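Taking it in order: structure first as structure tokens, then the write-up.
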There are 2 protein chains.
Amino acid sequence: MLYEICKYCHLKSAAAETLDSDELKKLERSCFQTQFAKGDLIFKQDALSANVIFIREGLVKIHIKGPEREQIIKINKGPTFLGIPTTFGDIINHYSATAITTVDVCFISNETFQQFIYSNGKFAYEILHDLCKCQLHTYNYCINHLQKQGPGRLADALLYLANEIFNDNNFLLPMTRHELGDLACCSRESVSRLLNEFKKDNIIQLEGKKITILNKELLSQISKRG
Amino acid sequence: MLYEICKYCHLKSAAAETLDSDELKKLERSCFQTQFAKGDLIFKQDALSANVIFIREGLVKIHIKGPEREQIIKINKGPTFLGIPTTFGDIINHYSATAITTVDVCFISNETFQQFIYSNGKFAYEILHDLCKCQLHTYNYCINHLQKQGPGRLADALLYLANEIFNDNNFLLPMTRHELGDLACCSRESVSRLLNEFKKDNIIQLEGKKITILNKELLSQISKRG
DNA sequence: TTTTAAATGTACCCTGCATCACATAATTAT
DNA sequence: ATAATTATGTGATGCAGGGTACATTTAAAA
């Protein structure tokens, strides 16, 4: 690995920005960069949790196998950490992570990560802050999915993709209708029906996996009303 | 406030156990102990988030007002911290906390808490560990509620109360049927119907708010099957 | 290209459970 | 004690949306 590659990496997390030169050198020595192709499993639910992973670039879905079906809990977009809760919360992974685009990641040894928590308060605070925000996001996801019905949940999912993942009202859906159902918590058939209703009502433009949100105002209303 | 009251407090969190004498003195100076009665609102969703709170003793429900109804996300049982995600994740509270028994708490100033994170790696790690476990618990709650139907969700709620809150198969329900519905995510009427079905099948003994789990095995099966 | 497999769209049926409506019991206030 | 409020039980009704079934399109493999 190249010398001081971490130091000059432009995809550092807010936490890694707090590290000094010595710490960055240490990071380099216990960090391994690699890539995953679309569809590759990054880590698996029920397996022993291993490393902290930093997503440099790409999209990763976090999904859990429930009693009935697969559930997509969130989509992580690089640059961000991946799997901290499952790495430090238990020995066993409580969820899986799968690449939904080509993904560029760094594996970081737990020991090094933990040492930074111990020795660098700013680093710890950044990680803690991320975890808190993630927790709030999960509560929000939870409430939205539990209390809204089909149209509201799908509207949520579309707005989530447009606003937080692609930052564009026009995007190429990086998943199948089935997976969108896993995200919006409804069946593949309902996704089809609802998407076509949204299309008929000129809320979205739909062409296979190409989606354009035409009437965000109305979509937000559908999301709010449930 | 009494001198060195924190130092000799027997209800310290794992995190507070890592504090040295000086830090404990500092904690004392920025810590205020008080009580809440059953039903008292401790902090409110949409209000500015204020302090870190440590529950010394008692039960607190964490609840969110969703688009349709109130949702009880979890029950916090002292000794434990309360509201760290909402205090550090955003300026505004994303959920409310209400005492469901008499509750004895310590308010801790954010600044002091944050200083401990910065200066004491072990403290930071303990908090981080708690947050991770809390996150995993939430994912679990989420999946269970999204994919199971009525009987499974109610079975979950009863097992949760027995195993994690009261550590006893026999307990006095600290809430109304309506609130149990908010926890199990079903209507008041469904809670009534389901509880009485469980009673008829000799899975539980039911007498007003007094509940005894008679057949935990079967209840677990109902929970697993959904 | 041809073959196979996976993804998608639509129609229909069926069921879980929310909601309504009302009776009764238990609390709380006066 | 009496009234008023809130909590609880139970039947009847309606409907959202999951599941099934099948047609069709698209993508992957041979």
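Per chain, numbering begins at 1; letters A, B, ... match sequence-line order. Just so we're clear, the structure is a prediction, and the values are computed from it rather than from any experiment.
dG9(D) atom C1' lies 17 Å from atom CZ of Phe198(B), rounded to whole Å. Glu197(B) has its CD atom 16 Å from the C1' atom of dT8(D), to the nearest Å. Rounded to whole Å, the distance from CG on Leu195(B) to P on dG9(D) is 7 Å. The separation between His178(A) atom NE2 and dG9(C) atom C1' is 16 Å, rounded to whole Å. Put simply, CG on Asp182(B) is 14 Å from C1' on dA7(D), counting in whole angstrom units. Between Leu206(A) atom CG and dT10(C) atom P there is a gap of 10 Å when expressed in whole angstrom units. Summarising the geometry, the separation between CE on Met175(B) and C1' on dA26(C) is reported as 19 Å, rounded to the nearest angstrom. Across the protein-nucleic acid pair, Lys200(B) atom NZ and dG9(D) atom P stand 14 Å apart, rounded to whole Å.
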When you check every protein heavy atom under 4.0 Å of nucleotides 12-30 of chain D, what one-letter string (B, S, -) results, 5' to 3'? B---SSBBB----------

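In terms of the side-chain contact (heavy atoms from CB on, under 4.5 Å) criterion, residue partners of Ser13(A) (sequence neighbours excluded) are, by chain and number, Ala15(A), Ala16(A), Phe54(A), Phe81(A). Applying the side-chain contact (heavy atoms from CB on, under 4.5 Å) rule to Asn144(A) yields the partners Asn140(A), Lys148(A), Asp156(A); only residues at least two apart in sequence or on another chain are considered. Residues meeting the salt bridge (Lys or Arg N to Asp or Glu O under 4.0 Å) test with Lys12(B), sequence neighbours left out: none. Under the side-chain contact (heavy atoms from CB on, under 4.5 Å) criterion, Leu11(B) pairs with Cys9(B), Arg56(B), Pro79(B), sequence neighbours left out. Residues meeting the side-chain contact (heavy atoms from CB on, under 4.5 Å) test with Ala14(A), sequence neighbours left out: Glu126(A).
Asn76(A) and Lys61(A) form no side-chain donor-acceptor contact under 3.5 Å, judged by distance and modelled atom types alone.
The side chain of Asn196(B) lies closest to dT10(D), out of dT8(D), dT10(D), dT10(C).
For residues 66-76 of chain A, no residue pair satisfies the salt bridge (Lys or Arg N to Asp or Glu O under 4.0 Å) rule, not counting sequence neighbours.
Rounded to 10 degrees, the angle separating the terminal axes of the helix from dT1(C)-dA30(D) to dT30(C)-dA1(D) is 60°, with each axis obtained from five end pairs.
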Verdict with reasoning, Thr87(B) to Asn110(B), per side chain to side chain contact (heavy atoms under 4.5 Å, CB included): CA-CA 8 Å; Thr87(B) 303; Asn110(B) 284 4; 3.4 Å; yes

What side-chain donor-acceptor pairs closer than 3.5 Å can you find for residues 190-211 of chain A, not counting sequence neighbours?
{"from": "Ser190(A)", "atom 1": "OG", "to": "Ser187(A)", "atom 2": "OG", "distance (Å)": "3.1"}
{"from": "Asn196(A)", "atom 1": "ND2", "to": "Ser192(A)", "atom 2": "O", "distance (Å)": "3.1"}
{"from": "Lys209(A)", "atom 1": "NZ", "to": "Met175(A)", "atom 2": "O", "distance (Å)": "3.3"}

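Between Lys209(A) and dA7(C) there is no side-chain polar atom (N or O) within less than 4.0 angstrom of OP1 or OP2.
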